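Written out below as structure tokens is the structure these notes cover.
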Amino acid sequence: MIQKDLVIIGSGGAGIAASIYALRYRMDHVMIGDLAGGTLTTANLVENYPGYKSILGPDLVQKYVEHLEYLGGKITIDRVSKIEREGSDFIVTTGAEVYKTKTVIYTLGSSHKHLGAPGEEQFEGRGVSYCATCDGFFFRDKTIAVIGGGDSAATGALVLANLAKKTYMIVRKDYLKAEPIWVEQLTANPNVTIIYNTNVTEIKGTTKVEEVLLDKPYEGSNSLKLDGVFIEIGLTPNAQLAQTVGVEVDEGGYIKVGENMATNIPGFYAAGDVTTGSAKFMQLVTASSEGVIATYSVYKYLNSQGKLAHDMSPMK
Ligand code: NDP
């Protein structure tokens with residue numbers, strides 16, 4: 001069993017930012033994740049992260065990882081299968097190791113919601129995608145639709161509009177809830193047609209996607225012929241593993257945290273899209289801030305209890 005002061009679970013924006021601060025505080029820690037960058041790898045255009053006017057999600061992930069490695073850090077690629085309490089400590093079991101740690105920062109983020117329409121599962125990877133940046137290239141000069149009306153759908157549609165022959169957005173309300181700056185760009189783009197007040201009821205094809213069925217006729221037909229469907233309808237928090245040690249969640253399944261990112265379990269902190277923090281404004285900049293605050297809180301917690309592995313002067 002490996003002993004640590006801190007185990008950071010998850011390696012998205014919140015986890016990497018937490019680890020960068022833990023490295024600078026010289027805390028004996030490990031960051032465990034199965035994908036560097038988490039959902040940021042599937043982010044489309046990022047144009048609101050201070051310091052970068054416009055950058056693709058995967059390129060920004062690379063910048064985070066470069067910064068981590070510059071400080072001597074790394075992501076331990078592994079998957080956490082179990083968390084248990086042992087006195088005031090935690091036992092974190094992964095595929096490869098068992099860690100005993102005084103504290104945890106839980107940053108498992110969120111997963112893409114599925115539509116639940118017939119054909120969605122059948123055609124995943126054969127015309128159904130949840131990531132415009134990752135899969136857009138395969139739809140060059142094709143006709144595609146993006147489902148959803150939030151920032152993910154808007155940024156996805158803008159990326160795809162540069163590649164595809166024709167891009168539809170299918171939105172269930174009569175407005176887009178995305179940032180106004182994205183709405184302006186979408187409505188000005190001649191390659192994008194927004195179909196409002198409409199739901200996709202089925203995705204159909206033979207070996208790959210060929211059409212979607214709509215609950216309301218569009219140009220006189222309930223069938224829209226296309227080659228690909230990008231489903232960008234929001235996220236659900238991955239809090240289940242934290243709940244196994246008694247961490248409290250709200251009615252939406254988000255981990256309840258205080259302003260110092262502490263949960264109801266002493267020594268167990270959470271950060272990023274999985275929490276109620278930052279007024280649930282889920283941005284990379286807020287997830288990163290929460291990760292940083294969580295590390296600072298862990299540092300103060302360990303110091304106050306004289307529990308740091310290294311000799312540190314107590315903080316006020
Ligand atoms: P959101 O929850 O913000 O939006 C989801 C959209 O999908 C809404 O338009 C919603 O409609 C629609 N929707 C939900 N369920 C269905 C369904 N079953 N059928 C059809 N439509 C559906 O999710 P996002 O993924 O867009 O964003 C999540 C968070 O990530 C937000 O905080 C966002 O700001 C952030 N983000 C930031 C980005 C950036 O800054 N670059 C990029 C992407 C995301 P309705 O309104 O009717 O519920």
Side-chain angles (χ1 to χ4, degrees), residues 12-14 37-61 63-64 107 109-121 128-134 136 145-160 168-187 192 194-203 212-216 218 224 229-238 250 252-254 271-290:
T39 30
L40 180 56
T41 55
T42 65
N44 305 311
L45 280 175
V46 180
E47 298 197 344
N48 53 10
Y49 190 84
Y52 294 95
K53 288 192 282 291
S54 184
I55 187 166
L56 291 175
D59 295 342
L60 194 48
V61 169
K63 301 276 180 202
Y64 266 58
T107 70
S110 51
S111 299
H112 291 283
K113 272 190 193 160
H114 285 219
L115 196 60
E120 178 179 13
E121 220 176 295
V128 171
S129 169
Y130 299 86
C131 177
T133 309
C134 323
V146 178
I147 303 175
D151 287 327
S152 299
T155 52
L158 285 168
V159 166
L160 293 164
Y168 292 97
M169 276 186 87
I170 303 174
V171 182
R172 68 180 178 183
K173 290 217 171 104
D174 61 356
Y175 63 91
L176 295 172
K177 65 177 278 200
E179 277 182 26
I181 193 165
W182 298 129
V183 178
E184 277 168 28
Q185 290 180 33
L186 283 167
T187 45
V192 177
I194 306 173
I195 305 173
Y196 290 104
N197 293 314
T198 303
N199 287 284
V200 167
T201 54
E202 188 171 351
I203 299 168
V212 291
L213 300 188
L214 309 174
D215 67 349
K216 198 172 147 237
Y218 171 69
L224 187 65
V229 185
F230 287 79
I231 298 169
E232 300 273 16
I233 59 169
L235 306 164
T236 41
N238 297 323
D250 76 355
Y254 292 87
D273 288 2
V274 75
T275 78
T276 56
S278 305
K280 287 196 188 166
F281 189 37
M282 286 157 205
Q283 306 286 303
L284 178 60
V285 71
T286 53
S288 304
S289 306
E290 290 184 22

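Numbering of ligands and ligand atoms starts at 1, following listing order. Note that the coordinates shown come from a computational prediction; the quantities given were computed from them, not determined experimentally. Atoms considered below: every heavy atom in the structure, side chains included; atoms not considered: hydrogens, waters and symmetry mates.
- Under 4.0 Å from ligand 1, not a single heavy atom of Val171 appears.
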**Prompt:** For Arg172 and Ile233, what are the C-alpha separation, side-chain angles and deciding distance, and is it a side chain to side chain contact (heavy atoms under 4.5 Å, CB included)?
**Reply:** CA-CA 10 Å; Arg172 68 180 178 183; Ile233 59 169; over 6 Å; no

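- Of the residues listed (Asn238, Thr39, Thr236), the one engaging Ser111 in a side-chain hydrogen bond (donor to acceptor under 3.5 Å, both in side chains) is Asn238, and it is the only one.
- Closest to atom 18 (N) of ligand 1 among all protein heavy atoms lies Arg172 NH1, 3.6 Å.
- Relative to atom 40 (O) of ligand 1, the option among Val285, Asn48, Leu60 with the closest non-hydrogen atom is Asn48.
- Across all their heavy atoms, Ile147 and Ala153 have their closest contact at O-CB, 4.2 Å.
- At the top of the distance list for atom 41 (N) of ligand 1, counting protein heavy atoms only, stands Leu45 O, 3.5 Å.
- At the shortest separation from atom 1 (P) of ligand 1 among protein heavy atoms lies Lys177 NZ, 3.7 Å.
- Contact annotation for Leu284 and ligand 1: no heavy atom of the residue comes within less than 4.0 Å of the ligand.
- When only interatomic distances are considered, the shortest N/O to N/O separation between Val46 and ligand 1 does not fall below 3.5 Å.
- Considering Asp215, Leu224, Val212, Ile231 in turn, Val212 is the only one that fulfils the side chain to side chain contact (heavy atoms under 4.5 Å, CB included) rule with Val200.
- Ring geometry for Tyr218 versus Tyr168: interplanar angle over 60°, hence perpendicular rather than tilted (30 to 60°).
- The backbone N or O of Ser278 sits nowhere less than 3.5 Å from a side-chain atom of Thr286 that would complete a donor-acceptor pair.
- Using a distance-only test at 3.5 Å, with no hydrogens or angles considered, a donor-acceptor pair links the side chain of Thr198 to the main chain of Tyr196.
- Here Gln283 has side-chain heavy atoms under 4.0 Å from ligand 1, and that is the only part of it that gets that close.
- For the pair Thr187/Ile194, a side-chain contact is recorded, criterion being any heavy-atom separation below 4.5 Å from C-beta on.
- Proximity of Met282 to ligand 1, defined as any heavy-atom pair under 4.0 Å, is shared by backbone and side chain alike.
- The protein atom (non-hydrogen) at minimum distance from atom 38 (C) of ligand 1 is Asp151 CB, 3.9 Å.
- Of the protein's non-hydrogen atoms, Ser152 OG, 3.2 Å is the one closest to atom 24 (P) of ligand 1.
- When the salt bridge (charged side-chain N to carboxylate O under 4.0 Å, His left out) test is applied to Lys280, the partners found at least two apart in sequence or on another chain are Asp250.
- Of all the atoms in ligand 1, the ones that sit under 4.0 Å from a non-hydrogen atom of Gly148 are 7 (O).
- From the protein, the heavy atom lying nearest to atom 28 (C) of ligand 1 is Leu235 CD1, 3.8 Å.
- Remark: among candidates Gly149, Gly150, Ser110, Ala154, the nearest residue to atom 4 (O) of ligand 1 is Gly150, based on non-hydrogen atoms.
- The nearest pair of heavy atoms linking Tyr52 to Leu60 is CE1-CD1, 3.7 Å.
- At the top of the distance list for atom 23 (O) of ligand 1, counting protein heavy atoms only, stands Gly234 CA, 3.2 Å.
- Residues Ala287 and Asp273 come closest through the heavy atom pair CB-OD1, 4.3 Å.
- Heavy atoms of Ile233 found under 4.0 angstrom from ligand 1 belong to the backbone as well as the side chain.
- Distances from atom 19 (N) of ligand 1 to the heavy atoms of Thr286, Val146, Leu115 show the closest one on Leu115.
- Scanning the protein for heavy atoms near atom 45 (P) of ligand 1, the closest one is Lys173 NZ, 3.4 Å.
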